[in-house]
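Structure first, then comments.
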Amino acid sequence: MSLGYKAGRPQTSGWKDSTRKHVRPEIPKVYSPEAIEPRWARYWVDEKLYRPAEGNGSARFSLSLPPPNITGSLHMGHMLEHTEIDILMRWHRMRGENVLWLPGMDHASISTQMVVERELGREALPDLEPGAAARRAWQREGQRRRLEMGPEKFLERCWQWKQENGDTIRRQMERMGASVDWTRARFTMDPAYSRAVIEVFVRLYHEGLIYRGQYIVNWCPRCGTAVSDLEVAHEERPGQLWYIRYPLEGGTGSISVATTRPETMLGDTAIAVNPSDNRYRSMIGRKVILPLLDRVIPVVGDEFVDPAFGTGAVKVTPAHDPNDFGIGMRHNLPSITVMDFDARMTAAAGPYSGLSREQAREAVLRDLQAANLIEKIEGYKLNVGICDRCKTIVEPLLSKQWFMRMRPLAEPAIRAVEDGRTRVVPDNSRKVYLDWMYRIHDWCISRQLWWGHRIPAWYCDGCDEVVVAASAPDACPKCGKAGKSGWHQDEDVLDTWFSSGLWPFVTLGWPEQTEDLKRFYPNDLMIMGFDILFFWAARMIMLGLKFTNEVPFRELYIHALVCDAERQKMSKTKGNVIDPIEITEKYGTDAVRFALASSAAPGTDIAFSDDKVQSYRAFANKIWNAGRFILMNLGNLPELAVRQLGVALEPIPEVGFDALPVRSSEFGVRGLEGHGNEQLRTEQLRTEQLLIDRWIFSRLAAVTHEMNEALAGYRFHEAAHTIYHFFWHEFCDWYLEWVKPEITERSDEPRPTAAWVNMARAFEAALHLLHPFMPFITEELWHQLPHSGNARSISLTRFELVNPQAGDVVSEKQFETLRELIVAARNVKAEMGLQKEKPSAQVATEDLRILEIFRSHQHAILRLAGLEALNFARGRLPAEASPVPLSSGCDLRLFYERPVDVVAERTRLEREIPKAKQQLERIERQLANESFRSRAPQDVVTGAERRRAELVDQFQRLEQSLARLGAAPSSPQN
RNA sequence: GGGCGGUUAGCUCAGUUGGUUAGAGCGUCUGCCUUACAAGCAGAAGGUCACCCGUUCGAGCCGGGUACCGCCCACCA
């Protein structure tokens, strides 16, 4: 949409081109992010602004982006994560640190393979009505087509998918304003990255930390691959506990076992009891007959069996249950695999061979029933493991896989977190991490998939030799067979987290000792969601320590989950997903970012809604219009003045925030002294101007300090609220309103006033504080302010963010006194329905210093409160005047003739009086308490006393007012 | 089975070491198109801080317990 308005990049800004009066283009009243944001997004990327500087000069701050999966486009969770990171990156960058934010993407082995399959399925079956059923059908069909087309063609499709989605993700990130260094972007299947992955595998293997073996793994029959423990979700489902009789060999008696999975009995190779269980001790060593198959199996004693559960005897199926596998190992039992990788019964299942696991269960139960071997059936809630990816029930199966030995790797990773070399925030995530690490199990790292890093294991065609190496060996060390061709590589690929676990150091060039690795490793920070704490954070810490002897990052901040307005997790199936691009296009990136940041309290999930974004769009508009006001009043300044202003406004890195005029004694503009002061019309206006300028810079210093503290603790919401409140309710509502006459009345004069310069500088400081949250609008407005020299970006302009000394207590106090008076006057006007009128007012107090403050700022008071005149009296005002008491010890009254609405006034008083009374009673009780007086700190006690005095005063006045109302003859109203 | 978090205004949520009168946004009500902004300005109403007990001069905050909600972990069939 064209607005007839084109604000410039620095190169094209009109400020330096114009020779005489600068003519501002018309700036639209309503902020249109779509006219601004894409332009700056492009500029930041094209100019490569976010490459860190060369050399080791300044402090550095580094972070590697958690690489988004190339499975699809970015969702709100990413946007939150990227917003939080970007805020911190921009914040650190403005402090002059050398910031590296390294972006990249993850090949996401299993997830990508699944989406690509589904895509193939969709192509084959284009007419299905989209939905859960169609997804399943597409998946099935896609899988079939994958097998049909073979690895080579399928992987081609995967790369094509990567290309397309990688581009989409990158565009999204650019549009969100992520200040990453694209020149360092990495992908987990880049050639160099893949080489590093293989090297890690080979090294771990030769150190004995990776091994291959036949163990029980979680098998997803639908995905057709093993998955790790972490990829299995548990779901409670109603089920049954069947008690089955196993007859003792020799004809007399039986042992009953309880099971939730009767179909696995076909693979039973023993019955186990606890050796300390008196009921069964004599049975150990005897034999039972496995029903249905009539196999003779032993009774063994094993501590694992819980005598209190079920019958105290348990069937042992080593090939289909991890616990039973353990028992089988301990007792040297055979393993009989009765279910294959498709979850169908094998030949070993005898008559049940070929049935699905569900059919087999039915058949087994039916046959047991017929043989009268079912003793009883109980209802039982059981936990079934389901595949994280496809929700199919996983099958524990015996299978030959590759594993990583975790204990030796975990130990240093535990210590690193315990002693704080990596600090985990919030603290409860630290505990969760440690608990998991203490109980860590070996990690199944092989996957029966095609998309991913092929396992570098080579099997000799001539014998059973296995060699683990980056490439096929020249000759077989065992059978002596020569040549690289006589080997076939392991078909499997690595779990995707194996490669992401190396992210922080491989992205910087490891195993080469690159400059980047030296400069930016360890990373200063890592930010991620809680859901991948084990998957990713834990593995990065373990592998980082293993291969670099350093923690991969010094801090780990765990961010919240983005939920919908009803606090429900966003999910495609629920249909409550908010698309970041859509909402960004609707309200602007800045507004969405601010909405996210303002809700991002550590440890709490975010309820995200359109409403919130809308209110921050309003905020962006507010900022825009404040800028508009400031720039409009610059419009008439001649070029010379603009030049000089440019010099004056250029931030000076060494001095930074100190250069703001709050503390400078001359209180003028450097290079323009003398002129500015002359322009102040009267002593009075000058005093007023002085106070408000001092006040705003004092507030800026305080706000900066607060934001520093908040961001250092990842309290994004606090920092966002602080700047929001400051900008809107202090800078706009008070500062701009206060200086307005000085600014607008002077705009026709040939020189900029000190007032304008200070305003512009305060505004610029506010833009700096806002910039990390709202990078686009701040960049735009900053460029429109006059700067000299090569001002490339607000984000690269150093802003010294710490200066606690800049606080000006006296000015803040004076300002508060004035503000209270103005608000009280407005209040009376509103309550009395005098908003269109300009009544006169009187203020009275014993404190002459306060009267003097009022007197010397009366222009501002009259204008901002909407009063005609203000006069001053010494002492207190009589009750008949219905004075309003102020905390500065003054009484304020307004003169007006409008008849008072007696009923409304009485209602108000009757509501106020009990409240005041209650408060008064409470504070009197407190002050009457001797131990309060003796034990509480002095300032708390005096504070309470002062408060009591106020309350007494207020209470009396209220009562008097009510009494007067009652006494007065009730005159007919209107 | 173990662990963690939540319960504060009509709604969504802040409230970092205990201390004067518990805050914000949205929504509601009143009055205003005041030359930066109606996506705005000025003002107002609205809370037994889930419940019980304790520690303390003093508790939304600390300790113990109860209720409801949510999340994570878990190889007892």
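Predicted, not measured: the structure shown is a model, and the values here were computed from it. Within every chain, numbering begins at 1; the chains are lettered A, B, ... in the order of the sequence lines, protein sequences first and strands thereafter.
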(message) Given A:H331, which partner from the list A:V316, A:D302, A:T269 fulfils the side chain to side chain contact (heavy atoms under 4.5 Å, CB included) test?
(response)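 It is A:D302; the other options fail the test.
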Taking only the side-chain heavy atoms of [X] (C-beta and beyond), determine which of [options] contains the nearest atom.
X	options	value
A:N621	B:C37, B:C76, B:C73	B:C37
A:K29	B:A77, B:A38, B:A14	B:A38
A:K740	B:G19, B:G31, B:A36	B:A36
A:V30	B:A39, B:U20, B:G19	B:A39
A:C732	B:A77, B:G19, B:A36	B:A36
A:V940	B:G19, B:G43, B:U12	B:G19
A:Q919	B:C41, B:U21, B:A39	B:U21
A:E950	B:U21, B:A14, B:A42	B:U21
A:A618	B:A74, B:C76, B:G40	B:G40
A:E718	B:A36, B:U16, B:C76	B:U16

Nearest whole Å is fine: how far is [N] [atom2] from [X] [atom1]?
X	N	atom1	atom2	result
A:E831	B:A45	CD	C1'	11 Å
A:E737	B:U34	CD	P	13 Å
A:L864	B:A42	CG	P	10 Å
A:F594	B:A24	CZ	P	16 Å
A:D388	B:C73	CG	C1'	14 Å
A:K612	B:G25	NZ	P	14 Å

(request) Report yes if a side-chain nitrogen or oxygen of A:Y616 is closer than 4.0 Å to either non-bridging phosphate oxygen (OP1 or OP2) of B:A39; otherwise report no. (result)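 No.
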Rounded [atom1] spacing from [N] to [M] in Å:
N	M	atom1	result
B:C69	B:U8	P	15 Å
B:G27	B:A45	C1'	13 Å
B:U7	B:G63	P	15 Å
B:A14	B:A50	P	14 Å
B:C49	B:C61	P	10 Å

(message) Nearest heavy atom decides the nucleotide; on that basis, is A:R617 or A:N625 closer to the 5' end of RNA chain B?
(response)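 Taking each residue's closest nucleotide, the earlier one in sequence belongs to A:N625.
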(request) Take A:K315 and A:R439, find for each the nucleotide of RNA chain B with the closest heavy atom, and name the residue whose nucleotide sits nearer the 5' end. (result)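 Going by which nucleotide is closer to the 5' end, it is A:R439.
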(message) So A:Y587, base contact, sugar-phosphate only, or nothing? Heavy-atom distance under 4.0 Å.
(response)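 Result for A:Y587 = nothing.
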(message) Taking any heavy-atom pair under 4.0 Å as a contact, classify A:W728: base, sugar-phosphate, or nothing.
(response)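 The residue A:W728 makes sugar-phosphate contact but no base contact.
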(message) Before you tell me yes or no, could you show the steps for A:E950 and A:R948 under salt bridge (Lys or Arg N to Asp or Glu O under 4.0 Å), namely the whole-Å CA-CA distance, both residues' side-chain angles and the distance that decides it to 0.1 Å?
(response) CA-CA 5 Å; A:E950 272 170 40; A:R948 174 175 58 181; over 6 Å; no
(message) Let's test your reading of the model: under 3.5 Å, does the base of B:A77 pair with the side chain of A:D321 as donor and acceptor?
(response)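 In this structure, the two groups form no donor-acceptor pair.
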(request) Kindly state whether the ring of A:Y724 and the ring of A:Y616 have centres lying under 6.0 angstrom apart. (result)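 Here the rings of A:Y616 and A:Y724 have centres that are less than 6.0 Å from each other.
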